[in-house]
Amino acid sequence: MKKLLIDYNEIQNRAILLEDDQIQKIYIENELEEDICDNIYVGKVKGISNKMNVAFVDIGIKKEAILPLFSDYNLKINQDILVQVNRESKSNKGPRLKHNIQLKGRYLILQLNNNEVIISNKNKFLEHSNTTEFKGKYGCIIRSRTKKEDLKYAKEEYYKLCNLADDILNSYKYLKSPSLIYKSNSFLKNIYYELIDEDVFEIETNSEEVIKSLTQYEDLRNLIFKLDEKLFLKVDRLIDANLNRYIKLKSGGNIVVDFTEACTVIDVNSDESATRLDALQVNQEACSIIADYINRYDLTGNILIDFIDINRKQRLYLENAIRESFNKKNIDINIFGFSNLGILELSRKRFSKSFFEKYYLSDFKTKNIHTILREFEIYISKYNKNEHIFWINQHMFNEFYNLIFTKTKSLKEKYKCEIKVLPAKIESYKYLEKEDWKLAFNNLSIYELKEEGDFIQIKLKRC
């Protein structure tokens, strides 16, 4: 049985899906850093590269988006075009677009460019005879979770999405480019569509708005809803306890996960207690842990796994083992096999940003401003004082001054106290002695409580 925890606030929204008290999925959304994946835009073609077979489209954001051309070679410069974001931007690359517009629901995905009705290959509950009532102006893909008893809700969703599609296409006729014509689902809708399945029996949250929003759906009204204003403390503890990228295995090994701009690298190691005869056993256990990790933090892109050395026959066995682990988690992933260097190569299609991209800055060592502000609030709620003083990195203070000012003003009103956020003029960094640390989270951010009760956040520089 599964349980869902939802920490809902105006700084950073977080949701944790638990199964038997073990974290299955962490979902996070930052204010001012919302995902644009699935957003629909009226864009303007700014350039065409015949060599790359792509068009560069202005959709009203800083980076020009990339539209693969395929057979659409009749585009012209300055032409307006209806497009949907298929993949979030990364580093210096703009978001990736698609022509085939889709509207995602809980039970089906509406397709605006055709009228074909398809049942997902992973759906084991329906037959084609169940799809006759979905035939209309637009096609759809019936999702893998949809069962016969869900068809009532699926039909209602189909007609709602059809009306939405009509509105989008009508608006496209008169909107000027570049402009946003449809914003992808909100945090709570994404929770409803992606995290809540038939095994979820309870939802616990710190916001009445969450309960009001989710109970409007008829198929969720039989769930248990609990309100706990201090839930964000529990959520924070669970996240902090699971941020370590070093994982100990029961069979006598460990896994280390590292992130680079190009790929995610996962290293499987044997401890001194594990002999070479145990290599396959350690690798096999690692398969399940790696699948859990990728699912929990929504890791995408190129993934390289360096398993403990084994022979060719054992490698084939290991490929099947990790494929089975991904299938159990319903994770779509391409497995390309072992390279000449003995590295297992995988690739998972990137749609939105991973948990780590939303929680940290691009260096994956410093928490971003939204995470820091949320932790400020958690600290204030723990320590009931008339005045709180926070120091943060000066560069971060300057870059996000307006956001810091707005949010601290809101926190002052909420907790009836004085709050000051000041830039820390730190010219050199050094390690603090372990016994002097009051709070430290995985050596990524250091928190120090001083005698006068001040609270400091500084970036850790590895010496």
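Asn123 places a side-chain N or O within 3.5 Å of a backbone atom of Thr146 that can act as its donor or acceptor partner. In this structure a side-chain-to-backbone donor-acceptor pair under 3.5 Å is missing from Ser213 to Val210. With hydrogens and angles disregarded, no donor-acceptor distance shorter than 3.5 Å links the side chain of Asn86 to the backbone of Leu97. Judged by distance alone, the side chain of Ser288 and the main-chain N or O of Glu285 form no donor-acceptor pair under 3.5 Å. Counting only distance, with no hydrogens or angles, the side chain of Asp292 and the backbone of Ile289 share no donor-acceptor pair below 3.5 Å. Within the 3.5 Å criterion, the main-chain N or O of Ala321 finds a donor-acceptor partner in the side chain of Ser325.
No side-chain donor from either of Asp228 and Asn206 sits under 3.5 Å from a side-chain acceptor of the other. In summary, the side chains of Asn30 and Gln12 do present a donor paired with an acceptor at a separation below 3.5 Å, with no hydrogens or angles considered. Counting only N and O atoms by type, the side chains of Tyr192 and Asn190 include no donor and acceptor under 3.5 Å apart. Using modelled atom types, one finds no donor on one side chain facing an acceptor on the other under 3.5 Å when comparing Tyr172 with Asp167.
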Q.
Could you walk me through whether Tyr41 and Tyr182 satisfy the ring pair (Phe, Tyr, Trp, His ring centres under 6.0 Å) test, starting with their C-alpha distance in whole Å, then the side-chain angles of each, then the deciding distance to 0.1 Å, before giving a yes or no?
A. CA-CA 7 Å; Tyr41 295 88; Tyr182 169 74; over 10 Å; no

Q | Check against side chain to side chain contact (heavy atoms under 4.5 Å, CB included), Val85 and Asp38 | A | CA-CA 5 Å; Val85 176; Asp38 292 332; over 6 Å; no

(Q) Could you go through Lys152 and Glu156, starting from their C-alpha distance and side-chain angles, then the distance that decides it, and tell me whether this counts as salt bridge (charged side-chain N to carboxylate O under 4.0 Å, His left out)? (A) CA-CA 7 Å; Lys152 169 190 172 183; Glu156 293 175 357; 5.1 Å; no

Q: Would you check, one step at a time, whether the test side chain to side chain contact (heavy atoms under 4.5 Å, CB included) holds for Leu103 with Leu164?
A: CA-CA 9 Å; Leu103 296 175; Leu164 177 58; 3.9 Å; yes

Q) Should Asn334 and Ser347 be marked as a side chain to side chain donor-acceptor pair (under 3.5 Å) after you check the CA-CA gap, both sets of side-chain angles, and the distance that decides it? A) CA-CA 5 Å; Asn334 294 317; Ser347 177; 4.9 Å; no

Q. Going through the distances and angles, do Glu357 and Arg350 end up as a salt bridge (charged side-chain N to carboxylate O under 4.0 Å, His left out)?
A. CA-CA 12 Å; Glu357 289 175 288; Arg350 175 184 172 87; 3.0 Å; yes

Q. What do the steps show when you test Met396 against Ile372 for side chain to side chain contact (heavy atoms under 4.5 Å, CB included), and what is the final call?
A. CA-CA 11 Å; Met396 187 175 285; Ile372 291 168; 3.4 Å; yes

Q) Does the pair Phe336 and Leu344 meet the rule for a side chain to side chain contact (heavy atoms under 4.5 Å, CB included), with working shown? A) CA-CA 7 Å; Phe336 300 106; Leu344 184 62; over 6 Å; no

Q: Please lay out, stage by stage, how Lys414 and Glu377 fare under the test salt bridge (charged side-chain N to carboxylate O under 4.0 Å, His left out).
A: CA-CA 10 Å; Lys414 183 176 180 179; Glu377 180 173 6; 2.8 Å; yes

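The existence of a salt bridge linking Arg96 and Glu88 is excluded, since no basic side-chain nitrogen approaches an acidic carboxylate oxygen closer than 4.0 Å. No salt bridge links Asp298 with Lys353; every basic N to acidic carboxylate O contact stays at or beyond 4.0 Å. Looking at Glu202 and Lys226, a side-chain N of the basic residue comes within less than 4.0 Å of a carboxylate O on the acidic one, giving a salt bridge. Classification of Asp219 and Arg106 as a salt-bridged pair holds, one side-chain N sitting under 4.0 Å from a carboxylate O. Taking the charged nitrogens against the carboxylate oxygens, Lys183 and Asp35 have no contact shorter than 4.0 Å, which rules out a salt bridge. Under the 4.0 Å criterion applied to side-chain N and carboxylate O atoms, Arg143 and Glu194 are assigned as salt-bridge partners. Using a cutoff of 4.0 Å between basic side-chain nitrogens and carboxylate oxygens, Asp80 and Lys44 are scored as salt-bridged. Between Glu19 and Lys3, none of the side-chain N atoms (NZ, or NE/NH1/NH2) sits under 4.0 Å from a carboxylate O, so this pair counts as no salt bridge. Using a cut-off of 4.0 Å between Lys/Arg side-chain N and Asp/Glu carboxylate O, Asp236 and Arg14 are scored as salt-bridged. Ionic pairing of Glu198 and Lys2 is not present here: no N-O contact between side-chain nitrogen and carboxylate oxygen is shorter than 4.0 angstrom. Between Glu319 and Arg315 there is no salt bridge, since no side-chain N of the basic residue sits under 4.0 Å from a carboxylate O of the acidic one.
Residues Ile61 and Pro95 meet the side-chain proximity criterion, which asks for heavy atoms closer than 4.5 Å. Contact of the Leu4 side chain with the Ile196 side chain is registered, since non-hydrogen atoms from C-beta on lie closer than 4.5 Å. Considering only heavy atoms from C-beta on, Thr371 stays 4.5 Å or farther from Arg374 through its side chain. The shortest side-chain heavy-atom distance between Leu169 and Tyr138 falls under the 4.5 Å cut-off. By the 4.5 Å heavy-atom criterion applied to side chains, Phe125 and Leu151 are not counted as neighbours. Residues Ile6 and Ser207 have side chains not in contact (no heavy-atom distance under 4.5 Å, counting atoms from C-beta outward). Counting heavy atoms from C-beta on, the side chains of Asn254 and Asp267 never come closer than 4.5 Å. In this structure, His388 and Tyr379 have side chains that are in contact, with non-hydrogen atoms separated by less than 4.5 Å.
Atom OH of Tyr246 is surrounded by more than 12 heavy atoms from other residues, nucleotides or ligands within 6.0 Å. The neighbour count for Asp21 CG, taken as heavy atoms of other residues, nucleotides or ligands under 6.0 Å away, does not exceed 12.
Residues satisfying the side chain to side chain contact (heavy atoms under 4.5 Å, CB included) test with Lys122, not counting sequence neighbours, are Ser120, Ser144, Asn330, Asp332.
Between Phe259 and Phe356, the ring planes lie tilted relative to each other; the angle falls in the 30° to 60° range. Using a 30° and 60° split on the angle between ring planes, Phe397 and Tyr401 fall in the perpendicular class, above 60°.
Taking the six-membered ring for Trp and the full ring otherwise, the centers of Tyr193 and Tyr107 sit at least 6.0 Å from each other.
Each of Phe187, Tyr8, Phe355 was evaluated against Tyr27; a single residue qualifies, Phe187, per the ring-ring contact (aromatic ring centres under 6.0 Å, His included) test.
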